[in-house]
Structures are given as structure tokens and as C-alpha cells.
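Working notes for the structure below.
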Amino acid sequence: MMGLIENADLRPLNTLGFSVRARFLAEPGDAASLCALLRSVTARNLPVLILGGGSNVVFSGDFPGLVIRPAIKGIRIIEEDDRSVLVEAGAGVVWHDFVMHAVNSGLGGLENLALIPGTVGAAPVQNVGAYGVEIKDVMESLTAVNRISGEVRVFSGSDCAFGYRESIFKQQEKDRWVIIAVSFRLSKRPVLRLDYGDIRKQLELAGCHAPAPLDVARAVIAIRSAKLPDPRHLGNAGSFFKNPVVTREQYERLLKSSPALVAYPQTNGVKLAAGWLIEQCGFRGQRRGAVGCYEKQALVLVHFGGGSGHELLELAKEIQQAVMNRFGVPIEMEPSVY
Ligand code: FAD
Ligand code: NAP
């Protein structure tokens, strides 16, 4: 197989910074080379892992097969009318660069999703979301290749069965498709979502009274930079657990014992802030050897260096158990473990 790196170091390729290796690594730059690569690994029966920016994975050890990082670049306009633009980006485009490309062109829809690490190709996998916006709100379709059969298929938003940090690519079709391009319907007259978290406050601080998408992206960047650890300095995979959704009855019961419970009503129940639950169990700022719970946000687990995915997963289990014992609520891990 051409263009393969043997015994590749994955430490710079996962934001937790775990020191693991892959038997082979390849970075195909176009769909044809990706398909050829998939055909040859199927013939050799090698395990395959698709990797983007490595910001939502935990490596529990070396990977015994081929890691493929789609390096398919390019952003192109597919169609345009007086209200919107349909834009397609390659899977290997850096997500934040794509967001900034859109807002710098005055297009709205992605501004609340600024500064999320990773690639365009990985963004639909967990329906990335932040500040009340999810990729499903703006995604028109995506193109993916079946890893085994080589079939190329276009998925509409509804084909992807998007949910809260979920899609078929994380559930029933997990590790079956390689996303090669994603298209987005961006608006020339956007309705901005400013009522989530501190966005409005941040815009006021910046003296911005009639915000454009670029101003909102800048506000989100400022909030996130102040709150979240930068993986270049402290290994992390963002929020380590999803916010659990409980029934109305369970919420009422919990509220009696914990009147300060942080919760948000949803159509399917009540969403609890997992970070708050973890903090109540005393984990914020706690360290277990080379890993720990971030001091400013208990939902983020961090790696100080020299540790392993195994240690981090042990801490994650301890946290899940403590939250279950105290509140009777299961919290599910967000990153995928390999
Ligand atoms: P990776 O971690 O490389 O991969 C994630 C999963 O997607 C893996 O299962 C992988 O096999 C699969 N995958 C990757 N590329 C492809 C492809 N082309 N085709 C098919 N499958 C693929 N997430 C949010 O939703 N909202 C946030 O606000 C947010 N903030 C974060 C902040 C920080 C500091 C960090 C470290 C993470 C944050 N995340 C957030 C999580 C993460 O950035 C997103 O899930 C991101 O989309 C992952 O992209 P990636 O390219 O790094 O994917
Ligand atoms: P935050 O603003 O401190 O809020 C804490 C939690 O409350 C969040 O998890 C958020 O849920 C929820 N919340 C806040 N305002 C809400 C509202 N108006 N309606 C419903 N739910 C509300 O959170 P943060 O940690 O600083 O993160 C800010 C945003 O970035 C959040 O949307 C978060 O999901 C996203 N983020 C995600 C990751 C990741 O790795 N997945 C990492 C960092 C930040 P939601 O999480 O459901 O939005």
C-alpha cells in the first residue's frame, strides 16, 4: 500500500495527548485514494480506524491496524440564491476554519459552533453542538463511503438520525462509513441565537449592539477561551460526559433533595447539567496521578502528561459511580474509546 507510515506516533493526533502508536497511518488527500486504500485494507483484513482531529477519542492502547485520516480539503459553493448559500466542505477541512470562512463571508448558521476542535468530516458523527445550535440545524447532506463495500452514498439530515450528541454514525452504523464531504445551507439573513450561556453578555461587553455572525463567533471564541483548557497546553477531549435527560417525575424528586439542581426542560424530559452533578460529588480540581477533573469545569477530564487512557477511563468510572450513588442518574461518556 502506498503512502503508509509504519509504527506511527498518535500522540500529536489525539487532543488528550496519550502516547500510543498505530501499526500504519495514511492520510489520503482525495476520495479516489481513500477508496483505493479501503479496498486494499479489506483485502488484507486489517482493522481500520478513521481519525479526524482526535478531539473526541480516548486511546486505551496502541492501534493494531491502519489509522486513516481523510485529508480531503476544499470549500466550494454549490448553489446560491438571494437568501442562502449551499456550501460543501471536504472532510479534512478544520472545523473552526470552516466556521470562520462562513462568518467572514457574512453567512450565518455556524457562528455558535466556533472554536470546536476537529474536522468537518467528524462533525456530523456526534451532531456537534454548542450554545443552543447543532450541526443538524444547518447541514443539508453529507457524502460517505462504505468502508467494506466501497458504496458511495449521500445522506440527508434525516438519514443521519441526529440526536443530542448522536447520529447513526455513532450508533447503529458506527465505524461503517467514512464521511468525505458535508454540505451546509447557510443564511444571508440569519436569525442569530444569542440567548444561550453568556453570548449576549459577551456582546455587550464588546459594545456590540447589532451583531453580525462574525461578532457572535468572536463572542463564543472569547467565552470558550476563558473557560476551556486548550489541548495544546493541557490534554483533554472537551466535555467527557453527556448531560443526562431524566423524566419530569425523577427531576421533581431530585429537586426536593437538591434544590440547587441545574436543569433545563426539554421536549423529552429534563436535561441535567452533568458538570454540576460531578462537581457536587467533589471531583472538580481532583487529580488521580497523571489525570484529573479540570479545576474550572468538572465536565472536562484532563491529562497532565505521562498517563494512559486506562487511567482516564478508571477515573471516568469512579465519577459515573459517584454520580449514580448520590443522584441515581447514569451519565454516559461522550468520546469514543479505541
Ligand atoms: P475525532 O476525535 O478524530 O473522531 C471522533 C469520532 O468520529 C471517531 O469515532 C472517529 O472514528 C469518527 N470520525 C472522524 N472523522 C470521520 C470521518 N471523516 N468519517 C467518519 N467518521 C469519522 N463537541 C461538541 O459537540 N461541542 C463542543 O462544543 C465541543 N467542544 C470541545 C472542546 C474541546 C476543548 C475539545 C477537546 C473537544 C470538544 N468537542 C466538542 C468534542 C470534539 O471536538 C467534536 O466531537 C469534534 O467533532 C470531533 O472532531 P475530530 O475531527 O477531532 O474527531
Ligand atoms: P455552560 O454555558 O456553563 O452551561 C452548562 C450546561 O448547561 C451546558 O452543558 C448546557 O447544555 C446547559 N445550558 C446552558 N444554558 C442552557 C440553555 N439556555 N438551555 C439549555 N441548556 C443550557 O456550558 P459550557 O461548559 O461553558 O459549554 C458551553 C457550550 O459549549 C455548551 O453548549 C456545551 O455543550 C458546549 N461545549 C461542548 C463540549 C463538548 O466536548 N461536547 C465542550 C465544551 C463546550 P448543553 O451542553 O446541552 O448545551
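Atoms within each ligand, like the ligands themselves, are counted from 1 in listed order. Numbers for residues simply follow the sequence, beginning at 1.
Ligand 1 lies nowhere less than 4.0 angstrom from a heavy atom belonging to Trp95.
At a 3.5 angstrom cut-off on N or O pairs, Gln266 does not count as close to ligand 2. For ligand 1, the polar-atom distance check finds an N/O of Gly54 within less than 3.5 Å of one of the ligand's N/O atoms.
Among protein heavy atoms, the minimum distance from atom 19 (N) of ligand 1 is reached at Ile179 N, 2.8 Å. Looking at atom 3 (O) of ligand 2, its nearest protein heavy atom turns out to be Lys227 NZ, 2.8 Å. Residue, atom and distance of the protein heavy atom nearest to atom 38 (C) of ligand 2 are Ser239 OG, 3.0 Å. Tyr264 OH, 4.7 Å is the protein heavy atom nearest to atom 4 (O) of ligand 2. Among protein heavy atoms, atom 32 (O) of ligand 2 sits closest to Tyr131 N, 2.9 Å. From the protein, the heavy atom lying nearest to atom 10 (C) of ligand 2 is Tyr196 OH, 3.6 Å.
Comparing heavy-atom distances from atom 14 (C) of ligand 1 across Ala181, Ala122, Gly118 singles out Ala122 as nearest. Among Arg165, Gln297, Arg193, Glu334, the residue whose heavy atom lies closest to atom 33 (C) of ligand 2 is Arg165. Nearest-residue assignment for atom 25 (O) of ligand 1 (options Arg224, Lys242, Glu134, Gln126; heavy-atom criterion): Gln126.
For the pair Arg287 and Phe304, the distance from NZ or CZ to the six-membered ring centre is under 6.0 Å and the angle to the ring normal is within 45 degrees.
Residue Tyr294 does not touch ligand 1, judged by heavy-atom distances below 4.0 Å. Under 4.0 angstrom from ligand 1, the non-hydrogen atoms of Val125 all belong to its side chain. Contacts with ligand 2 closer than 4.0 Å are made by no heavy atom of Val262, backbone or side chain.
In summary, the atoms of ligand 1 found under 4.0 Å from a heavy atom of Arg165, numbered by their order in the structure, are 25 (O). When each atom of ligand 1 is checked for a heavy atom of Ala237 under 4.0 Å away, the hits are 35 (C), 36 (C), 37 (C). Taking every heavy atom of Thr119 and a limit of under 4.0 angstrom, the matching atoms of ligand 1 come to 49 (O), 50 (P), 51 (O).
When each of Ser257, Ser258, Pro244 is tested with Phe327 by the rule side chain to side chain contact (heavy atoms under 4.5 Å, CB included), just one qualifies, namely Ser258.
Taking a distance limit of 4.0 Å, we find that atom 41 (N) of ligand 2 is approached by some protein heavy atom.
The pair Glu166-Lys242 meets the salt-bridge criterion, since a charged nitrogen lies less than 4.0 angstrom from a carboxylate oxygen.
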